[in-house]
Structure formats: C-alpha cells, structure tokens
Amino acid sequence: MANPNKTRGTMWESAVRNFLNAFLDLVDDNGFFRDPFDGMNVRRPAQEGARDIGDVHAVPFILECKDVKNPAVPTWIRQATVEARHAGFPYGVVVHKVRGLGVRSGRVHFDVRTWTRTRTALGLSSRDMSERYGFAASLRGLDSDRWYLTTTVEQFARLLADIRAGVAGRAVR
C-alpha cells in the first residue's frame with residue numbers, strides 16, 4: 001500500500017502544476033501542453049536523491065509544495081532556497097495547501113530576500129508589490145531569517161506571468 005502522505009503530497013504538486021499551466025495558457029482544453037518542448041512549461045521533475053531539486057519547476061522559480069496540517073514555513077523556505085540552488089534557479093518559494101480550499105487559494109511563501117529580488121526584477125516599490133500581488137508579511141521576532149511574505153497561488157500565477165514577460169512596474173501603471 002502506498003504511503004498516504006506521499007500520495008497527498010504528489011496530488012498537491014500535480015494540482016499546483018496543472019493550475020499554473022492552465023493560468024499561463026501553456027496547455028489546451030484537454031490539459032495537453034501546447035508545445036511539449038517549451039522550457040516555460042511548469043513541470044514536476046524527477047527527484048535526484050540527496051540533491052533534491054524542488055517539487056515543481058516554474059521558471060524562474062522552484063516550488064516546494066507542502067500539504068501538511070502543521071506549517072513550518074521558515075524551515076520550508078530554507079529547504080526551497082537550497083533546492084533552487086541545486087536546480088540552478090534564482091528563486092525558491094513554498095506552496096502550502098490550505099485545507100478545505102481549492103488550489104488557487106493555496107499560500108505561496110517568500111523569504112524576504114527572494115521577495116525583494118523578485119520585486120526589484122519587476123521594478124516595483126514594496127507597496128506596489130504588496131498591493132498588486134496581495135502579499136502579507138509575517139514578521140516573527142527580531143530574527144529576519146524567520147520573516148516571510150505570503151500571497152495566494154492565484155496571485156503568484158499573475159506574478160509569474162509578469163516576471164516571465166519581463167514586465168517592469170513602470171511599464172504597467
């Protein structure tokens with residue numbers, strides 16, 4: 001019998017991948033890639049043992065997907081950052097399932113450094129980034145390594161589309 005936790009995690013990873021591909025219009029109405037060889041397709045890579053490379057690749061992000069009851073966001077973010085480095089991607093984020101809600105309502109967590117680098121790449125101020133993509137900050141204690149910013153999977157999909165298009169904040173006002 002399969003491990004039920006692994007099965008649940010795999011289902012969440014697949015749901016996130018499928019939602020992002022559909023949102024970005026990378027698949028047709030039947031869920032097939034429009035261009036199977038397009039490097040921008042969101043994929044679930046084969047795992048590589050000790051040098052894990054993340055659960056989902058959504059260029060330029062590595063997504064570490066979590067479907068668990070008790071969140072450990074700062075730990076997960078550190079894991080996503082290491083896995084992004086292993087995969088050669090600039091950004092690692094965590095996608096946490098919210099029980100009882102659909103994939104679009106899942107939570108995407110950024111560490112402060114990744115959020116700032118993404119914001120800078122988009123040419124946005126902190127306020128504009130927060131307002132445009134619905135980010136909320138979680139500032140726990142004085143240790144900034146435990147701080148993170150959160151948005152929904154749906155808002156993350158918009159951010160992903162914008163960063164892929166090279167949209168600068170000044171150009172979309």
Side-chain angles (χ1 to χ4, degrees), residues 1-111 113-115 118 133-136 138 140 145-161 163-164:
M1 181 175 203
N3 178 340
N5 291 334
K6 181 159 179 52
T7 301
R8 192 170 58 241
T10 298
M11 288 174 49
W12 175 238
E13 293 166 13
S14 297
V16 169
R17 176 203 58 205
N18 295 346
F19 176 82
L20 292 175
N21 276 321
F23 186 93
L24 297 168
D25 198 33
L26 297 171
V27 293
D28 62 21
D29 293 337
N30 297 313
F32 293 105
F33 286 125
R34 295 186 188 285
D35 178 359
F37 303 106
D38 186 348
M40 292 293 127
N41 292 333
V42 180
R43 298 189 185 268
R44 288 186 57 239
Q47 293 309 310
E48 300 185 9
R51 292 185 59 84
D52 196 355
I53 56 171
D55 297 326
V56 176
H57 289 187
V59 176
F61 292 90
I62 290 297
L63 310 180
E64 183 62 29
C65 297
K66 299 292 185 182
D67 180 2
V68 298
K69 185 177 178 181
N70 298 317
V73 176
T75 300
W76 296 341
I77 289 174
R78 286 191 295 276
Q79 178 184 359
T81 301
V82 168
E83 292 174 3
R85 194 168 34 249
H86 287 170
F89 281 57
Y91 310 117
V93 298
V94 174
V95 184
H96 181 217
K97 182 175 181 163
V98 177
R99 299 290 168 104
L101 298 177
V103 66
R104 70 181 55 239
S105 298
R107 300 293 184 249
V108 181
H109 306 290
F110 286 61
D111 67 6
R113 184 170 187 262
T114 300
W115 186 83
T118 305
Y133 302 111
F135 279 96
S138 177
R140 298 175 183 209
D145 285 342
R146 298 188 53 80
W147 297 355
Y148 55 90
L149 295 104
T150 304
T151 191
T152 64
V153 171
E154 185 170 24
Q155 294 286 15
F156 173 75
R158 290 182 52 232
L159 182 152
L160 179 60
I163 204 159
R164 285 180 168 190

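Here, residue 1 is the first one in the sequence, and each next residue gets the next number.
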Exercise for the section: Let me see the working for V95 and C65 under side chain to side chain contact (heavy atoms under 4.5 Å, CB included), right down to the final yes or no. Expected result: CA-CA 5 Å; V95 184; C65 297; 4.2 Å; yes
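- Atom CG in L149 sits 8.5 Å away from atom CD1 in I77 (nearest 0.5 Å).
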Practice task
Evaluate the criterion side chain to side chain contact (heavy atoms under 4.5 Å, CB included) for residue pair H57 and I62; output intermediate values, then yes/no.
Solution key: CA-CA 5 Å; H57 289 187; I62 290 297; 3.1 Å; yes
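- Residue T151 comes nearest to Q155 through the heavy atom pair OG1-CB, 3.0 Å, listed as atom of the first residue, atom of the second, then distance.
- Taken from CG in D111 to CH2 in W115, the straight-line distance is 12.0 Å, to the nearest 0.5 Å.
- Looking at every heavy atom in both residues, I53 comes nearest to A46 through CD1-O, 3.8 Å.
- Residues forming a salt bridge (charged side-chain N to carboxylate O under 4.0 Å, His left out) with E83 (at least two apart in sequence, or on another chain): none.
- Looking at R99 and D67, their side chains come closer than 4.5 Å, going by heavy atoms from C-beta outward.
- Here the shortest heavy-atom pairing between G54 and P45 reads O-CG, 3.6 Å.
- Note that CD of E13 and CZ of R8 are 12.0 Å apart. Values are rounded to the nearest 0.5 Å.
- Taking CG from L160 and CE from M40, the interatomic distance works out to 9.0 Å, rounded to the nearest 0.5 Å.
- Interatomic distance, CZ of F61 versus CG of L159, reported as 5.0 Å (0.5 Å rounding).
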Exercise for the section: Step by step, work out the side-chain hydrogen bond (donor to acceptor under 3.5 Å, both in side chains) result for T81 and R78. Expected result: CA-CA 5 Å; T81 301; R78 286 191 295 276; over 6 Å; no
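- Across A157 and L24, no two heavy atoms sit closer than the pair O-CD2, 4.1 Å.
- Side-chain atoms of R164 come within 3.5 Å of backbone N or O of V59 as a donor-acceptor pair.
- The aromatic rings of Y148 and H109 sit perpendicular to each other, their planes meeting at more than 60°, with 30° as the lower class boundary.
- Scanning both residues, V98 and S105, for their nearest heavy atoms gives CG2-O, 3.6 Å.
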Practice task
Might you work through the side chain to side chain contact (heavy atoms under 4.5 Å, CB included) test for R17 and L63, ending with a clear yes or no?
Solution key: CA-CA 10 Å; R17 176 203 58 205; L63 310 180; over 6 Å; no
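- The number of heavy-atom neighbours closer than 6.0 Å to CG of D29, taken from other residues, nucleotides and ligands shown, is 12 or below.
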Practice task
Just do the side chain to side chain contact (heavy atoms under 4.5 Å, CB included) check on V73 and V94 with the steps written out, would you?
Solution key: CA-CA 8 Å; V73 176; V94 174; 5.6 Å; no
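- Considering only residues two or more places apart in sequence or on other chains, R104 meets the salt bridge (charged side-chain N to carboxylate O under 4.0 Å, His left out) condition with E154.
- Annotation for W12 and G106: closest pair CH2-CA, 4.1 Å, computed over non-hydrogen atoms.
- Ring planes of F135 and F110: perpendicular class, angle over 60° (limits at 30 and 60°).
- R34 places a side-chain N or O within donor-acceptor distance of the main-chain N or O of D25, the cut-off being under 3.5 Å.
- Put simply, CG on N41 and CG on L20 are 12.0 Å apart, with the number rounded to the nearest 0.5 Å.
- For R44, the CZ atom is densely surrounded, since the number of other residues' heavy atoms within 6.0 Å is greater than 12.
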